[in-house]
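To start, the structure itself, in structure tokens.
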2 protein chains.
Amino acid sequence: MELDERKKRILKAVIKNYLDTGEPVGSRTISKYADFSLSPATIRNEMADLEEMGYLFSPHTSAGRVPTDAGYRLYVDEMLEEKSEELSRKSESLDRMQDIMDKRVDRIEEVLKDMAKMLAANTQYTSVVSMPQANRNRLKFAQITALDAGKLLCTIVLEGNIVKNHMINLNRELNQETLLKLNLLLNNTLNGLTLQEINFDMASQMASQAGEHAELATEILNSIVAAIGSEDGIEIFTSGATNIFRYPELSDSNRASELISTLEEKKLLTNLMSEDLGENTTGIKVYIGEETSVNSMKDCSVITATYEFEDGVYGKVGVIGPKRMDYEKVLSALKDVTGSLDKKFTKD
Amino acid sequence: MELDERKKRILKAVIKNYLDTGEPVGSRTISKYADFSLSPATIRNEMADLEEMGYLFSPHTSAGRVPTDAGYRLYVDEMLEEKSEELSRKSESLDRMQDIMDKRVDRIEEVLKDMAKMLAANTQYTSVVSMPQANRNRLKFAQITALDAGKLLCTIVLEGNIVKNHMINLNRELNQETLLKLNLLLNNTLNGLTLQEINFDMASQMASQAGEHAELATEILNSIVAAIGSEDGIEIFTSGATNIFRYPELSDSNRASELISTLEEKKLLTNLMSEDLGENTTGIKVYIGEETSVNSMKDCSVITATYEFEDGVYGKVGVIGPKRMDYEKVLSALKDVTGSLDKKFTKD
DNA sequence: AATTAGCACTCCAATGTGTTGAGTGCTAAC
DNA sequence: GTTAGCACTCAACACATTGGAGTGCTAATT
């Protein structure tokens, strides 16, 4: 059977209607729909075909039709219309971000959380944001300071002024001179490298240059790399979890509980939030139902977008909602937001 | 009417039963209760009295009785029995914390989050933990580093090895010598002071000592204080939010949504989590229903305990559950945990 | 050949109608 | 003071009834 133009139009009409109402839509409804001049009976035939083709299904004999995942897929891939941008709101949020960024380096976190909150509020769905992955970022500055006896504070600054702190416990004390020497060595050897490069090549090279402190230098280096490279997975923030209660198909006790649980745990989100990172940078991805590969989200759709924090360093923003979410609205919201993140983060 | 011993025993029996089952308890149930040798009829009379006195009420004519907030209050204030400690579980959890603490000193946040998770898992309720309030914490080490032209990175370490970073944008560049001088000055003047003390007294004193750099020093100092002193409220972590779905009286859509919302927002929790901080340090507090002063928690009870992070620096741990929570279990869990936190945090 | 009116059929959802049982309050007896 | 006995109440559950929305099929229409 062929998916001709009329079938497409009907499918689109059904889906749009279902997005709005959440109720199965019947042939009469579609028939009344503006520019169709077909009787319910004809529509019924077409809808039966669409069901046979796997794009629609009826929950039961005497109900209307509901899109299948395949139906949504087709809709998302071929039937979306660009929504016109809302300029006013956008610039306001940008200003606020600008402000925060300037003042508090160690607070990207706050900015992102804020972002998530805004996104959730705008879309009425749940939002997810991941911290930009630091381990491809270049090292700009490293410094070791003695705090207490045998306790070193290591401060590292990456391009884009991401600051990381790490405590190193040594089993011996260092004098001022050694410290100075180590600091020089650190900066000379490591500056401009990504953490991955450091991880692979540097250890031996640095050790050889360190002379008498070779062993110490290696120890410190390892400690740094271990601490910073191995963040236990990416950091993820969510916001608007309770928005799921707006959608009856998600809000029954069990589903809601599982869903909020995965949002709280965050572990299950890491796959979605790191897929294709850096590959196609402007990539917006839509996951429908099972495509999320997360069981508790099989009644949800997820849309993710990559933002570029700085050259080569990416993070992701996502929106989680019911499968009948307003794809167009969410897509445009994500475009706005990633656009804005790009602009802000790479500006200075 | 007087609350004689028998009435108390009956009230206690009713409450205990209700804590277990969540169902209104009837006179027959109590009559069968071990060491009462009274007929249901007698119990009924007593229960009617207890209702009149405001400790019990019936949801409807032919249901059993349920404790009122006043009933719970009485129970909590006068009828709790210390639970014999469960040593096995306790030591197990302690071991785990020990483990975490040793590995990552600079990650109080992680430890606390883990704590919250454990507490939620053990109690099957929702847990809340607040970061120790830093602004009473003493400064241990301060350092300014030039990053880019006119951009200074300020690193501050507080007692307990809390590290804070802050970026300062200057309109001029500093040479190495000035920087060194400033660093010395900073450490000499500020070490050992709390952020509050710095806020109030130091600005002028430091300025006078800075000589030619007086203006610069003031600028930097202000910038530091502004950035660190003005944390927007206390930081709060929650865990086990979805445990509320275990308790039917909390898990209907509306209630659950509101509740999880307040957990997500965290703002409404700040009052509960900062009340009496530092006053009576071992204070464990029980809030029942309306006593929480949070509307969405009017069907919940909250128990909070203060932990001492370091001399004079406190944080709070809390458990949020249905009013019919197992008060004894939660109290002992909190005692365990705050005991352990004390021990761990002040150890080195 | 495609469209449509007509009709029988299906099934959910809403509503109403017992029925059951747990629990009460009251009274009178112990 | 305690208790047995009894009439009464009321939520909860199980069924039956109804109404309506929507379908699929067939036969008539264009």
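Fair warning: this is a prediction, and the values are worked out from it, not measured in the lab.
- What separates CZ of B:Phe36 from C1' of D:dT3 is a distance of 17 Å, to the nearest Å.
- Atom-to-atom, CG of B:Asn45 to C1' of D:dT2 comes out at 9 Å; the value is rounded to the nearest Å.
- Each of A:Ser58 and B:Arg6 has a nearest nucleotide on DNA chain D; the 5'-most of these lies closest to B:Arg6.
- Contact annotation: B:Ser39 reaches the phosphate of D:dT3 (side-chain N/O to OP1 or OP2, under 4.0 Å).
- Within the 3.5 Å criterion, the main-chain N or O of A:Pro322 finds no donor-acceptor partner in the side chain of A:Glu249.
- Of all nucleotides listed (C:dT24, D:dC10, C:dT4), D:dC10 comes nearest to the side chain of B:His60.
- When rounded to the nearest whole Å, the span between CG of A:Asp4 and P of C:dA1 equals 18 Å.
- For A:Arg28, the salt bridge (charged side-chain N to carboxylate O under 4.0 Å, His left out) criterion is met by no residue, not counting sequence neighbours.
- Atoms NZ (A:Lys7) and C1' (C:dA2) sit 12 Å apart, rounded to a whole Å.
- At a threshold of 4.0 angstrom between heavy atoms, the contacts of B:Thr61 are confined to the sugar-phosphate backbone, with no base atom among them.
- Here the side chain of A:Ser58 pairs no donor or acceptor atom with the backbone of A:Thr61 at under 3.5 angstrom.
- Using a distance-only test at 3.5 Å, with no hydrogens or angles considered, a donor-acceptor pair links the side chain of B:Lys316 to the main chain of B:Glu275.
- Between A:Arg44 and B:Gly26, the residue anchored closer to the 5' end of DNA chain C is A:Arg44, taking for each the nucleotide with the nearest heavy atom.
- Whole-Å rounding puts the A:Met47 CE to C:dT4 P distance at 15 Å.
- Residue contacts for B:Ser27: at a heavy-atom cut-off of 4.0 Å it reaches the sugar-phosphate backbone alone, with no base atom in range.
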Give me, pair by pair, the N or O atoms of the protein and of nucleotides 14-18 of chain D that are less than 3.5 Å apart, along with how far apart they are.
none

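- Judged by distance alone, the side chain of A:Glu46 and the main-chain N or O of A:Ile10 form no donor-acceptor pair under 3.5 Å.
- B:Arg324 forms no cation-pi arrangement with B:Tyr247, by the criterion of a distance under 6.0 Å to the ring centre and an angle within 45° of the ring axis.
- For the pair B:Ile30 CD1 and C:dA22 C1', the interatomic distance rounds to 15 Å; values are reported in whole Å.
- You'll find that the side chain of B:Ser62 is closest to D:dC10, out of D:dT3, D:dC10, D:dG24.
- Taking side-chain N and O atoms only, A:Arg65 has a distance below 4.0 Å to OP1 or OP2 of D:dG24.
- Between the CG atom of B:Leu38 and the P atom of D:dG1 there is a distance of 14 Å, rounded to whole Å.
- Listed candidates were C:dG23, C:dT3, D:dG24. Nearest to the side chain of B:Thr29 is C:dG23.
- Distance check: B:Arg44 CZ to B:Arg65 CZ gives 9.5 Å after rounding to the nearest 0.5 Å.
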